[in-house]
Amino acid sequence: MRWATRAGIHVDRTASAWLIRRFVDPDAEFVFVADPDEVPKDAAAFDMRGAELSHRGGECTFEAILRRYALDDPALWEIARIVHEADLEDERFDAPEARGLDVLVRGLSMVCSDEEMLDRTGPLYDGLYEYRRRATMLGREPS
């Protein structure tokens, strides 16, 4: 399936693309557009005006995808809190990792194309997922 989002991706869009590819659609192809009117007819839009999978009710797109696809993995919800704070900075969650994630992803976006961003941030989110998964299993931060 093809998925479309706004060009110039940062935290919420990279995390959402990772989530889609890892837990929703392993064969996902991504298209980046400057305007929502440019979304191809055969693509599902996310994180843009008018898209079902976008910011709603104070939540970021990553959270919307978790809800839409009923992904109840506690490690994913931990990542959702980090992505939420990095993207919205509304202090809803205590997520000290958010600032670091935001700086890393914004820095990469300054030197990488959108396609490269997905390649480079994927392993970052894989590592974050594994860390949060182990912390959830152990009931403490893994060593």
Side-chain angles (χ1 to χ4, degrees), residues 1-137 139 141-142:
M1 182 169 171
R2 290 177 77 195
W3 297 79
T5 193
R6 293 175 292 130
I9 61 176
H10 291 136
V11 170
D12 196 12
R13 281 172 273 160
T14 58
S16 294
W18 170 82
L19 181 64
I20 289 165
R21 190 171 274 155
R22 181 91 190 266
F23 295 94
V24 175
D25 179 6
D27 299 319
E29 294 179 30
F30 295 96
V31 177
F32 305 97
V33 299
D35 187 287
D37 295 332
E38 298 172 357
V39 172
K41 299 236 183 280
D42 66 339
F46 69 97
D47 200 47
M48 65 174 60
R49 178 179 31 88
E52 173 192 353
L53 298 173
S54 196
H55 291 224
R56 289 213 194 305
E59 292 186 328
C60 67
T61 301
F62 192 94
E63 293 165 297
I65 294 169
L66 287 175
R67 288 193 195 291
R68 167 67 176 80
Y69 291 96
L71 299 171
D72 59 359
D73 181 333
L76 291 177
W77 281 98
E78 287 293 319
I79 294 171
R81 291 189 246 310
I82 296 166
V83 170
H84 177 105
E85 280 305 315
D87 191 46
L88 299 176
E89 298 179 1
D90 63 4
E91 299 179 10
R92 180 182 288 180
F93 303 109
D94 178 23
E97 310 91 337
R99 181 71 181 132
L101 179 63
D102 186 49
V103 167
L104 289 170
V105 173
R106 283 186 189 276
L108 280 174
S109 75
M110 294 174 184
V111 296
C112 296
S113 69
D114 288 333
E115 292 82 10
E116 291 172 321
M117 287 292 291
L118 296 184
D119 291 340
R120 298 205 179 166
T121 59
L124 197 134
Y125 293 113
D126 286 338
L128 184 56
Y129 175 74
E130 185 59 23
Y131 186 89
R132 296 310 324 154
R133 189 184 72 75
R134 289 182 190 196
T136 299
M137 284 179 5
E141 299 299 306

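- Two residues are said to be in side-chain contact when any heavy atoms from C-beta on lie closer than 4.5 Å; Val105 and Tyr125 meet this criterion.
- One finds the CZ atom of Phe32 at 8.0 Å from the OG atom of Ser113 (value rounded to the nearest 0.5 Å).
- Scanning all heavy atoms of the two residues, the minimum distance from Ala45 to Leu53 falls at O-CB, 4.1 Å.
- Side-chain N or O atoms of Glu130 include none that pairs as donor or acceptor with a backbone N or O of Gly127 at under 3.5 Å.
- Using modelled atom types, one side-chain atom of Glu85 and one backbone atom of Arg92 make a donor-acceptor pair closer than 3.5 Å.
- With rounding to the nearest 0.5 angstrom, the OG1 atom of Thr136 is 13.5 Å from the CH2 atom of Trp77.
- Between Ser54 and Met48 the shortest side-chain heavy-atom distance does not fall below 4.5 Å.
- Legend: residues meeting side-chain contact (heavy atoms from CB on, under 4.5 Å) with Asp35, ordered by chain and number and at least two apart, are Asp37, Glu38, Arg49.
- With a 4.5 Å cut-off on side-chain heavy atoms, Arg132 and Glu97 count as touching.
- Between Glu59 and Arg67 there is a salt bridge, since at least one side-chain N of the basic residue sits less than 4.0 Å from a carboxylate O of the acidic one.
- For the atom pair CG (Leu66) and CG (Asp72), the distance works out to 9.5 Å, reported to the nearest 0.5 Å.
- Side chain of Arg6 to main chain of Asp47: a donor-acceptor pair is present (N/O by atom type, distance under 3.5 Å, no hydrogens or angles).
- Looking only at side-chain heavy atoms (C-beta outward), Val83 and Glu63 stay at 4.5 Å or farther from each other.
- Two residues are said to be in side-chain contact when any heavy atoms from C-beta on lie closer than 4.5 Å; Phe46 and Phe30 meet this criterion.
- No side-chain donor-acceptor contact under 3.5 Å links Asp25 to the backbone of Ile20.
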Criterion salt bridge (charged side-chain N to carboxylate O under 4.0 Å, His left out) on Arg21 and Asp27, from CA distance to verdict: CA-CA 7 Å; Arg21 190 171 274 155; Asp27 299 319; over 6 Å; no

His84/Phe93 under ring pair (Phe, Tyr, Trp, His ring centres under 6.0 Å): CA gap, chis, key distance, verdict: CA-CA 8 Å; His84 177 105; Phe93 303 109; 5.0 Å; yes

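- The line from CE of Met117 to OG of Ser109 is 5.0 Å long, rounded to the nearest 0.5 Å.
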Test side chain to side chain contact (heavy atoms under 4.5 Å, CB included) applied to Thr61 and Asp87, step by step: CA-CA 10 Å; Thr61 301; Asp87 191 46; over 6 Å; no

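- The main-chain N or O of Leu124 is never found under 3.5 Å from a side-chain atom of Thr121 such that the two would form a donor-acceptor pair.
- Arg106 contributes no side-chain N or O that, together with a main-chain N or O of Leu101, makes up a donor-acceptor pair within less than 3.5 Å.
- The two atoms that bring Arg13 and Thr5 nearest to each other are CD-OG1, 3.1 Å, heavy atoms only.
- Between the side chains of His55 and Asp12, at least one donor N or O sits under 3.5 Å from an acceptor N or O.
- Counting only N and O atoms by type, the side chains of Trp18 and Asp126 include a donor and acceptor under 3.5 Å apart.
- Between Leu88 and Cys60, the shortest heavy-atom distance links the atoms CD1-N, 4.1 Å.
- Atom CZ of Arg99 has 12 or fewer neighbouring heavy atoms from other residues, nucleotides or ligands inside a 6.0 Å radius.
- Between Pro123 and Asp119, the closest heavy-atom pair is CD-O, 3.2 Å.
- Inter-residue side-chain proximity for Leu118 and Ile9 is flagged as met; some heavy-atom pair is nearer than 4.5 Å.
- Taking a 6.0 Å sphere around CD of Glu91, one finds it holds 12 or fewer heavy atoms contributed by other residues, nucleotides or ligands.
- Residues Tyr129 and Ile79 come closest through the heavy atom pair CA-CD1, 3.5 Å.
- Contact between Asp90 and Gly58 at its shortest, heavy atoms only, is OD2-O, 4.3 Å.
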